[in-house]
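My questions will all concern the structure given below.
Here is how names work: the chains are called A, B, and so on, in the same order as the sequence lines, proteins then strands, and each is numbered from 1.
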Amino acid sequence: MIDLNLLREDPESIRDSQRLRGEDPGLVDQALDADARRRSALAEFETARAEQKSLGKQVAQASADERPALLAQTKQLAEQVKAFQADSNAAAAELDEVLAQIQNVVEGAPPGGEDDYIVVKHVGQARDFAAEGFEPADHLAIGERLGAIDTARGAKVSGSRFYYLTGVGARLELALLNAAMDTALAAGFNPVITPTLVKPEIMAGTGFLGRHADEIYHLGTDDLYLVGTSEVALAGFHSDEIVDLSDGPLRYAGWSACYRREAGSHGKDVRGIIRVHQFHKVEMFSYTRVADAADEHRRLLELEEKMLALVDLPYRVIDTAAGDLGSSAARKFDCEAWLPTQQRYLELTSTSNCTTYQARRLGVRERVDSGPTQTVATLNGTLGTTRWIVAILENHQQADGSVRVPEGLRPYLGGLEVLEPVR
RNA sequence: GGAGACGUCGCAUAGUCUGGUCUAGUGCGCCACCCUGCUAAGGUGGUAACGGGGCAACCCGUUCGAGGGUUCGAAUCCCUCCGUCUCCGCCA
């Protein structure tokens, strides 16, 4: 949710942001109008209510003679109060509805849509398989040879976009996620294993129930949502709390399964485990002061790059364009690894600065110098996911069908240096 | 799944039976000041969030787990839901 004070004091900045995103700037004026009507309705209600309370006190002290007249008066007032309250509630609901549609105010992201990202940098060198004299196999072919990935049985048991990680595949995922957890731990993050089912208000608070609500699994019987990332549970962790950031940001590293319906992606990335309904992820999540958010964002990006270096992948960093940002994000950097068999980059990490957008909805505040409370900023970033296996297998494959284990992962695989084919 | 108890201002608790004097009391903690060789003890005052109005001091409203109802008036009565605890049953 955007800041109401900003809306009142500088609506043009929000209109600008909406335009940058390719969203409707007219929502800002609808919100201003609804806000004005809510305030006048509220004033009416509060005046009437104050009168009702003072009359109520007189009733209590009145003598038996005076009482009937007072009661008649106050009875009438009670009806008015009820009506005013209904008006006020309706206006507030209207404002909420408009506010919910306004996305976070963009902060520094380049203008344009999905293809208008800016490449911040390239790191590492893509291998020249032609020069090495062999045709690279794709991750599924490699994974099947290693006995690491089984999509056929995944489909048999759970349907398309499900898979089993077996043998060295299972070990590889655990190794990767443990390495991610250790990286986070070393950087001062508090490790957390989160719930993966959350209540509607938490899912809504993180901004995932907007336009892309059909991406999310919902359990109707219990009215719970399956999270698409532990970001949701970590954002909810301090909801409705006044946190203490005087010793610096609160930093968490969440480990969880993630569930995505992948509605609307039919026919896209259907082979292998690039785009799946369920995977595991280690996610960084920070609560910071507003002024510290941009610095923290850089720090999260650095940690992501550290993990990419650890598994020795060539990648690029992109600064996502405003039109391609999620509704909660003010700015977002993705790290994309090179995928040799598809001659393209594949998103492995994504770090967003959500400024106060999520925290405002979720009621996460801090106390500054015994003054009033202030909404904090929230940020998130990926440190490792099942998908990384795709890039690792493809980039480190060898001519004989084996896969070199990047040195950084060897300690997590009992020193294993090469994954050998089993068939 | 069954039975019961409970959910009050950071924590602990009073208030609920018998609706209005609750502008929610008290203790602890915390903050400021006073007293004071230092510390401890003591004294005085303050001590929620959110929203509305005002240049401001301040005023007003909402919130006693959540929502609804009864009533002129609800922490207090009624209903529904959520949560916690205890016991019983069942089961990874």
Please determine, for B:A41, whether a Watson-Crick or G-U wobble partner exists with both distances under 3.5 Å, and give it or none. none

Roughly, in whole Å, what's the span from CG in A:D240 to C1' in B:A48? 14 Å

In whole Å, I'd like the distance from the CG atom of A:L77 to the P atom of B:C72. 12 Å

Across every strand shown, the nucleotide meeting Watson-Crick or G-U wobble geometry with B:U36 (both distances under 3.5 Å) is none

Checking A:H238 now: which residues fulfil side-chain hydrogen bond (donor to acceptor under 3.5 Å, both in side chains) with it, not counting sequence neighbours? A:E241, A:Y252

Consider only side-chain N and O atoms of A:E394 and A:T341, and report whether a donor and an acceptor are under 3.5 Å apart. yes

Using the side-chain hydrogen bond (donor to acceptor under 3.5 Å, both in side chains) definition, which of the options A:R37, A:R38, A:Q30 pairs with A:E94? A:R37

What donor-acceptor contacts under 3.5 angstrom involve side-chain atoms of residues 181-203 of chain A, with partners at least two apart or in another chain?
| from | atom 1 | to | atom 2 | distance (Å) |
| --- | --- | --- | --- | --- |
| A:D182 | OD2 | A:Y412 | OH | 2.7 |
| A:T183 | OG1 | A:A179 | O | 2.8 |

Would you find more than 12 non-hydrogen atoms of other residues, nucleotides or ligands less than 6.0 Å from A:R153 atom CZ? no

Integer angstrom distance from the C1' of B:C6 to that of B:C91: 27 Å

Opposite nucleotide pairing with B:U26, Watson-Crick or G-U, both atom distances under 3.5 Å: B:A12

Mind listing the N/O atom pairs, protein and nucleotides 61-67 of chain B, below 3.5 Å?
| from | atom 1 | to | atom 2 | distance (Å) |
| --- | --- | --- | --- | --- |
| B:U62 | OP1 | A:R49 | NE | 2.1 |
| B:U62 | OP1 | A:R49 | NH2 | 3.1 |
| B:U62 | OP2 | A:K53 | NZ | 2.8 |

Taking all non-hydrogen atoms of both residues, which atom of A:G207 and which atom of A:S327 are closest, and how far apart? O-OG, 3.3 Å

Work out how far the C1' atom of B:A74 is from that of B:G69, and round it to whole angstrom. 11 Å

B:U80 - base-pair partner by Watson-Crick or wobble geometry, distances under 3.5 Å: B:A66

Value in whole Å for how far the C1' atom of B:A48 lies from CZ of A:R365: 10 Å

Both distances below 3.5 Å, Watson-Crick or wobble geometry, any strand: find the nucleotide opposite B:G19. none

Looking at A:R8, I'd like to know whether one of its side-chain N or O atoms comes within less than 4.0 Å of OP1 or OP2 on B:G52. yes

Find which nucleotide of RNA chain B each of A:G56 and A:Q374 is nearest to by heavy atoms, and output the residue with the more 5' nucleotide. A:G56

Assigned partner base of B:A75, Watson-Crick or wobble definition, under 3.5 Å: none

Taking only the C1' atom of each, what is the distance from B:G29 to B:U13 in whole angstrom? 14 Å

Using whole Å, report how far CD of A:E79 lies from P of B:U70. 12 Å

When the P atoms of B:G20 and B:U76 are considered, how many whole Å apart are they? 11 Å

What is the separation between atom CD on A:Q52 and atom C1' on B:U71, rounded to the nearest whole Å? 11 Å

Using the P atom on both, measure B:U47 against B:C59 and round to a whole Å. 12 Å

Base, sugar-phosphate, or nothing: which does A:Q76 touch, judged by heavy atoms less than 4.0 Å apart? nothing

Within less than 4.0 Å of OP1 or OP2 of B:G51, is there a side-chain N or O belonging to A:R38? no

Within a 6.0 Å radius of atom CD on A:E420, are there more than 12 heavy atoms belonging to other residues, nucleotides or ligands? yes

Considering the options A:R261, A:R260, A:H277, which one meets the side-chain hydrogen bond (donor to acceptor under 3.5 Å, both in side chains) requirement together with A:Y217? A:H277

Taking atom C1' in both B:C11 and B:G53, compute the distance separating them and give it to the nearest angstrom. 35 Å

Whole-Å distance separating the CG atom of A:N5 from the C1' atom of B:G52: 12 Å

In whole angstrom, give the distance that lies between atom CD1 of A:I242 and atom C1' of B:C50. 10 Å

With a 4.0 Å cut-off on N to O distance, would you call A:R19 and A:E12 a salt bridge? yes

Among the nucleotides B:U70, B:C72, B:G52, which one has an atom lying closest to any side-chain atom of A:K82? B:U70

Write down the distance separating the C1' atoms in B:C85 and B:A49, rounded off to the nearest Å. 28 Å

Check whether any side-chain N or O of A:R367 sits under 4.0 Å from OP1 or OP2 of B:A49, and answer yes or no. yes

side-chain contact (heavy atoms from CB on, under 4.5 Å) with A:I392: which of A:V405, A:L176, A:L419, A:I142? A:L176

Work out how far the P atom of B:U63 is from that of B:A75, and round it to whole angstrom. 7 Å

State the pairing partner of B:U86; accept Watson-Crick or G-U wobble contacts with both distances under 3.5 Å, and report none otherwise. B:A3

Nucleotide forming a Watson-Crick or wobble pair with B:C55, both distances under 3.5 Å: none

Whole-Å distance, A:L4 CG to B:C50 C1', equals 12 Å

If only side-chain N and O atoms of A:R39 are considered, is one of them under 4.0 Å from the OP1 or OP2 phosphate oxygen of B:G53? yes

